[in-house]
Amino acid sequence: MIQIIAVLCSLSSPADCHEQTVTTSDFADVSMQSCLMGAPQLADWMKEHPSQRLAGWKCVIGTPSKGI
């Protein structure tokens with residue numbers, strides 16, 4: 001499984017940042033190459049969350065960690 005994990009910051013409070021799993025390869029067509037290049041799923045997710053600023057993202061292979 002490949003997870004796309006975004007680092008998101010609130011536009012109203014820029015120091016308030018957190019990580020959130022955007023999608024996994026179980027739910028979308030995610031390859032490691034597409035994830036590293038800025039997966040289109042990430043852009044689509046950001047359009048649906050305009051109050052957040054994307055500070056970065058990472059691609060993680062494996063099962064989701066607890067707390068994310």
Side-chain angles (χ1 to χ4, degrees):
M1 173 189 301
I2 299 171
Q3 301 175 73
I4 301 173
I5 300 176
V7 179
L8 303 167
C9 301
S10 170
L11 290 177
S12 61
S13 179
D16 181 18
C17 299
H18 65 280
E19 289 186 345
Q20 182 165 341
T21 300
V22 172
T23 191
T24 68
S25 55
D26 285 348
F27 300 104
D29 184 23
V30 179
S31 68
M32 186 53 84
Q33 182 177 7
S34 72
C35 185
L36 292 171
M37 294 175 61
Q41 295 88 352
L42 188 55
D44 291 342
W45 193 91
M46 290 305 299
K47 287 179 190 173
E48 296 173 13
H49 299 84
S51 65
Q52 302 286 313
R53 178 182 63 82
L54 179 65
W57 77 90
K58 60 185 174 182
C59 307
V60 178
I61 297 174
T63 57
S65 348
K66 293 185 179 188
I68 294 182

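Owing to the predicted nature of the structure, the values given are computational and were not obtained by experimental measurement. Values below: every heavy atom of this structure, side chains too, minus hydrogens, waters and symmetry copies. Numbers here simply count residues along the sequence, with the first being 1.
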How far apart are the C-alpha atoms of M46 and V22, what are their side-chain angles, what is the distance that settles it, and do they pass the side chain to side chain contact (heavy atoms under 4.5 Å, CB included) test?
CA-CA 9 Å; M46 290 305 299; V22 172; over 6 Å; no

If you round to the nearest 0.5 Å, how far is [atom2] of [Y] from [atom1] of [X]?
| X | Y | atom1 | atom2 | value |
| --- | --- | --- | --- | --- |
| E19 | Q3 | CD | CD | 10.5 Å |
| L11 | D16 | CG | CG | 11.0 Å |
| I61 | I2 | CD1 | CD1 | 5.5 Å |
| L8 | C17 | CG | SG | 8.5 Å |

Can you find a pair of side-chain heavy atoms, one from K58 and one from V7, that are under 4.5 Å apart?
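Contact flag for K58/V7 side chains = no.
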
Nearest non-hydrogen partners of [X] and [Y], listed with the distance:
| X | Y | result |
| --- | --- | --- |
| A6 | L54 | CB-CD1, 3.9 Å |
| Q52 | H18 | OE1-CE1, 3.5 Å |
| P14 | C9 | O-CB, 3.7 Å |

By side-chain hydrogen bond (donor to acceptor under 3.5 Å, both in side chains) - contacts of S51 (at least two apart)
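side-chain hydrogen bond (donor to acceptor under 3.5 Å, both in side chains) list for S51, sorted by chain: empty.
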
